[in-house]
Protein chains: 2
Amino acid sequence: MPRRSYGQLCPIASALDLVGERWTLLVVRELLLGPKRFSDLQVGLPGIGSNILSDRLKELEAASVVSRRRLPPPAASWVYELTDRGRELGDIVLRLGRWGVSSPAFRQSDGTARPEWTVLSLYARYDLSAAMAGPASVELRFGDETYSARIDEGQLTIGRGAATSPDVIVSLDHDTLNRIFRSKGRERNRVANGVTIVEGSRDAFESFLRLFT
Amino acid sequence: MPRRSYGQLCPIASALDLVGERWTLLVVRELLLGPKRFSDLQVGLPGIGSNILSDRLKELEAASVVSRRRLPPPAASWVYELTDRGRELGDIVLRLGRWGVSSPAFRQSDGTARPEWTVLSLYARYDLSAAMAGPASVELRFGDETYSARIDEGQLTIGRGAATSPDVIVSLDHDTLNRIFRSKGRERNRVANGVTIVEGSRDAFESFLRLFT
DNA sequence: CGGTATCCGCAAAGATACTG
DNA sequence: CAGTATCTTTGCGGATACCG
């Protein structure tokens, strides 16, 4: 059974043959911050259905976007991670996010909210022109989920897990972070007061926030 | 009737809600080189079905990606064209093409071939590092279809229609252009001998080709 | 735990006929 | 030419049952 294709001799159509189906690019999004297990992917893709996720992962593997790897003992479970080609595609997915974040539809949208998505949206909100200011490394804690953001030579990098030698560590809930980004200027600092500073100064955190629109 | 949505508070998911459905990004591709009428879009999207195209155009209009405009008399028909937001999305579509052109699946693919797609693939094949060399302006004629490619300060721009003060004008069929890109080095020049030089020198055309991988 | 396989209902896609 | 209307087909969502 041949997979459905546009049947066009065109690089764009060919790319969409590989990754243009429903859910596929969201699977890539889920892997942007590092490898995940099947069940973690399910959590990050509410409503997908295990059969569809299974199909998509096989397709992505066939397209050399994702690879399946066994975790070293004692974990001994399987994880999916982006290949080099997958990370290239990931850049495009992030650009799509940058496009989406400035859309009226996004501002008015609501739905399931997850800390990881909002943290990922830092890539979309990051303002190159504002760089240089602010601390280089921030750790964000949402309950038991921890993320780190680092700015190095104007380049933003986000990861899962604790930061190494962070300038600021904050603890917050994801609703607060969302409200921070929906506000701006002085109002934003007011909302940001709901954030607990675990380590470092509040000023440092606020100047970090100024890097994002 | 609410359109189908991922229901996630995430810029990437939100973008895919707007333009992630089947055919949508290919409609954007079709408009990358300028406005088109409904029937021209149908020609460029073999197999789409007029109802689907109609739906997609309405959705793209609602998302402010495409605008519908009446042509001045005596033409008096409607055309669809990209808005500013649509061109931003167009950049992403071109990046997807750049990703797709380097995929094994594309190299092995066949299917419907159209001159416009292959001309568009110049964006994907353009090698920044090779710039500076070659003529700045080339006109490509395929039967009654004419395209122009211009390089200005290392920036490639492609359009429909005749070039202004071209360095080279060539006449070819789209199969020849495809074979040119499937070959490389000395072999490529051999294939390129099948191209008719209408104006300018064959050397200039060959150095133009060296800008593309 | 980490998936695969199957069934069922529905909504979107494909095909085509038709109309302003 | 520019779509709309209708009908069929297919893929998706959801549930559940199964297997290493």
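Keep in mind that the numbers below use all heavy atoms, side chains included, and drop hydrogens, waters and symmetry copies. Sequence lines set the chain letters: A, B, ... in the order given, protein chains first and strands last, and positions in each chain run from 1.
Residue B:Y6 places no side-chain N or O under 4.0 Å from the OP1 or OP2 atom of D:dG13. A close approach under 4.0 Å does occur between a side-chain nitrogen or oxygen of A:S39 and OP1 or OP2 of C:dG2. Proximity of B:R37 to the phosphate of D:dG3: no side-chain N or O atom is located under 4.0 Å from OP1 or OP2. At D:dT10, none of the side-chain N or O atoms of B:R22 fall inside 4.0 Å of OP1 or OP2 (strictly under the cut-off). Regarding contacts with the backbone of D:dG3, a side-chain N or O of B:R68 is found under 4.0 angstrom from either OP1 or OP2. Distances shown here put a side-chain N or O of A:W23 below 4.0 Å from the OP1 or OP2 atom of D:dG13. One finds no side-chain N or O of B:K36 lying less than 4.0 angstrom from the OP1 or OP2 phosphate oxygen of D:dC1. Applying the 4.0 Å criterion to OP1 and OP2 of D:dA2, one finds that B:S77 has a side-chain N or O inside that range.
Rounded to an integer number of Å, the gap from A:R69 CZ to C:dG3 P is 13 Å. Across the protein-nucleic acid pair, A:I52 atom CD1 and C:dC10 atom C1' stand 13 Å apart, rounded to whole Å. We find that CD1 of B:I48 is positioned 13 Å from C1' of D:dG3, with the value rounded to whole Å. Look at NZ on A:K58: it is 16 Å from P on C:dG2, rounded to the nearest Å. For the pair A:R4 CZ and D:dT10 C1', the interatomic distance rounds to 7 Å; values are reported in whole Å. One atom, CZ of A:R70, and another, P of D:dG20, lie 15 Å apart when rounded to the nearest Å. Atoms CD (A:E21) and C1' (D:dC12) sit 11 Å apart, rounded to a whole Å. Computed from coordinates, the A:L41 CG to C:dG2 P distance equals 11 Å when rounded to whole Å.
At a threshold of 4.0 Å, the pair A:E61-A:R68 does not count as salt-bridged, since none of the basic side-chain nitrogens sits closer than that to a carboxylate oxygen. Checked for salt-bridge contact, A:R179 and A:D175 meet the test: a charged N lies under 4.0 Å from a carboxylate O.
No donor-acceptor contact under 3.5 Å links the side chain of B:N51 to the base of D:dG3.
With DNA chain C read from its 5' end, the first of the two nearest nucleotides for B:S50 and B:E59 is the one closest to B:E59.
A donor-acceptor distance shorter than 3.5 angstrom exists from the side chain of A:W99 to the backbone of B:R85, with no hydrogens or angles considered. In this structure, B:S121 contributes its side chain and B:T118 its backbone to a donor-acceptor pair below 3.5 Å. Judged purely by atom type and a 3.5 angstrom limit, B:R160 uses its side chain to pair as donor or acceptor with the backbone of B:G34.
At the heavy-atom level, A:G49 lies nowhere under 4.0 Å from the strands shown. Using a 4.0 Å heavy-atom distance criterion, A:R56 is classed as a sugar-phosphate-only contact.
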